Amino acid sequence: MMTATTTRTFSIPRPSEAEFRRLHNSRHGEIAQALDMDDEDFTVFKRQVREKMYASLDPSKKFDEQDPSAWRRLVQWAYETMPSLISKYEDAWPVELYVKISLSKRLARERFRFRKAVAKYKQTMTMRSSSSAHGEAEMSSTDLPPPYDEIDGVTDSETPGAHMHPDAAPESIEKFLRSCDFDLGHLTGTFVTRRAGLFNLGRLELLASWPAALRRDHLERHFGTMLDDVEIEVLNKRFVEMSYVQI
């Protein structure tokens, strides 16, 4: 029987952070070897964890954004379903490793689909522009909010020449921002610029349709120097509410 001063030893302790990151980017066979599992056992392990992950966590969010209580319940489930995790692996770290890998891959797929959608939008707008001398002049492909990884950290207020978009509806934008849990009406001037690209309700609805992690990243890139983390979350929450209305 273990006493209060007994230190539990594990046959496979948690790896260092550097090794954990290396395994995160490793192939199936290499990870299985690190876990001392054969191919069949590792495949079963992945399937079980993946199914529970989709049932318990929010797959649209990064690992660090998950509900801590939901994560604790998943780990507890792993201990109960796979008892060997208790004695073999410190902190059930293979579960954390595979969940992080799965969430990262899902987010990467979302990014890929988003880039395809942006490319298709730009192609459509280019075709429209070439077929009309004036009709589409105010709605060029550059008006779309920039893709996930093509925005730098500069905000509109810091960008020389930033100005209001010709299709801006500042009254509607201000009403939306003031409807957040915190009054964010002071952001109206930034939203309606060409750079932010959130100049009318149509653009707000577009952003609301994005995956949560991509939307939050976009908001952080544009408004991270103007809002703290809680205010960013309040703004993101308002977009989630808008997406529910669309459904």
Side-chain angles (χ1 to χ4, degrees), residues 58-62 64-67 106-107 110-111 113-122 124-125 128-129 135-247:
D58 184 344
S60 70
K61 293 183 177 181
K62 302 174 184 177
D64 293 339
E65 297 174 343
Q66 297 295 330
D67 180 355
R106 181 179 177 85
L107 183 56
E110 293 289 354
R111 290 174 180 168
R113 284 195 287 266
F114 175 71
R115 293 191 190 103
K116 286 185 63 176
V118 170
K120 182 177 180 180
Y121 176 90
K122 289 182 177 180
T124 300
M125 297 313 300
R128 289 181 180 178
S129 297
E136 298 295 334
E138 297 295 336
M139 190 66 173
S140 69
S141 60
T142 57
D143 288 329
L144 187 69
Y148 177 88
D149 58 350
E150 295 182 8
I151 313 165
D152 60 30
V154 182
T155 63
D156 296 278
S157 60
E158 299 167 340
T159 305
H163 56 281
M164 185 180 297
H165 193 281
D167 293 333
E171 296 83 3
S172 299
I173 298 301
E174 183 176 11
K175 181 179 179 181
F176 168 83
L177 291 170
R178 291 189 182 282
S179 69
C180 297
D181 292 343
F182 297 160
D183 185 343
L184 300 178
H186 62 282
L187 294 177
T188 302
T190 305
F191 265 58
V192 297
T193 58
R194 284 183 178 275
R195 181 173 178 77
L198 301 172
F199 47 80
N200 58 31
L201 287 180
R203 287 305 182 85
L204 296 184
E205 291 173 352
L206 173 64
L207 191 63
S209 70
W210 292 5
L214 296 183
R215 181 173 59 246
R216 180 181 175 85
D217 189 84
H218 182 80
L219 294 174
E220 287 177 342
R221 287 169 182 264
H222 276 290
F223 309 112
T225 60
M226 306 170 68
L227 302 174
D228 60 33
D229 289 345
V230 174
E231 290 170 325
I232 287 286
E233 192 59 40
V234 165
L235 185 55
N236 199 28
K237 174 176 174 286
R238 184 65 184 86
F239 277 107
V240 172
E241 294 169 352
M242 175 179 275
S243 69
Y244 288 155
V245 172
Q246 293 177 18
I247 295 173

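Hydrogens, waters and symmetry mates are skipped; everything else that's a heavy atom, side chains included, is used. This is a predicted model, so every value here is computed, not measured.
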To the nearest 0.5 Å, atom NZ of K62 lies from atom CG of D217 at 5.0 Å
Distance (rounded to the nearest 0.5 Å) between S172 OG and F199 CZ: 12.5 Å
Taking atom CG of L227 and atom CZ of F182, what is their separation to the nearest 0.5 Å? 10.5 Å
Report the distance from atom CG of N200 to atom CG of L206, rounding to the nearest 0.5 Å. 10.0 Å
CD of E241 to CG of N236, rounded to nearest 0.5 Å, is 10.5 Å
Hey, does the side chain of E174 reach the backbone of E171 with a donor-acceptor pair shorter than 3.5 angstrom? no
Residue pair L235 / R215, side-chain heavy-atom distance below 4.5 Å: no
Does the distance from a Lys or Arg side-chain N to an Asp or Glu carboxylate O, for E233 and K237, drop under 4.0 Å? no
Identify the two heavy atoms, one from K61 and one from Q66, that lie closest to each other, and give their separation to 0.1 Å. O-NE2, 3.1 Å
How many angstroms lie between CG in L177 and CG in D183, if you round to the nearest 0.5 Å? 8.5 Å
Measure across R178 and G185 and return the closest heavy-atom pair with its distance rounded to 0.1 Å. CG-CA, 4.0 Å
Non-hydrogen atoms of T188 and P170 that approach each other most closely: CG2-O, 3.6 Å
Do the rings of W210 and H218 sit parallel, tilted or perpendicular, given the 30° and 60° boundaries? perpendicular
Quick one: does R238's side chain have a donor or acceptor within less than 3.5 Å of a partner on D181's backbone? no
Can you tell me if D229 has over 12 outside heavy atoms packed within less than 6.0 Å of its CG? no
Taking all atoms of both residues into account, what is the closest heavy-atom pair of L184 and E231, and its distance? CD1-O, 4.3 Å
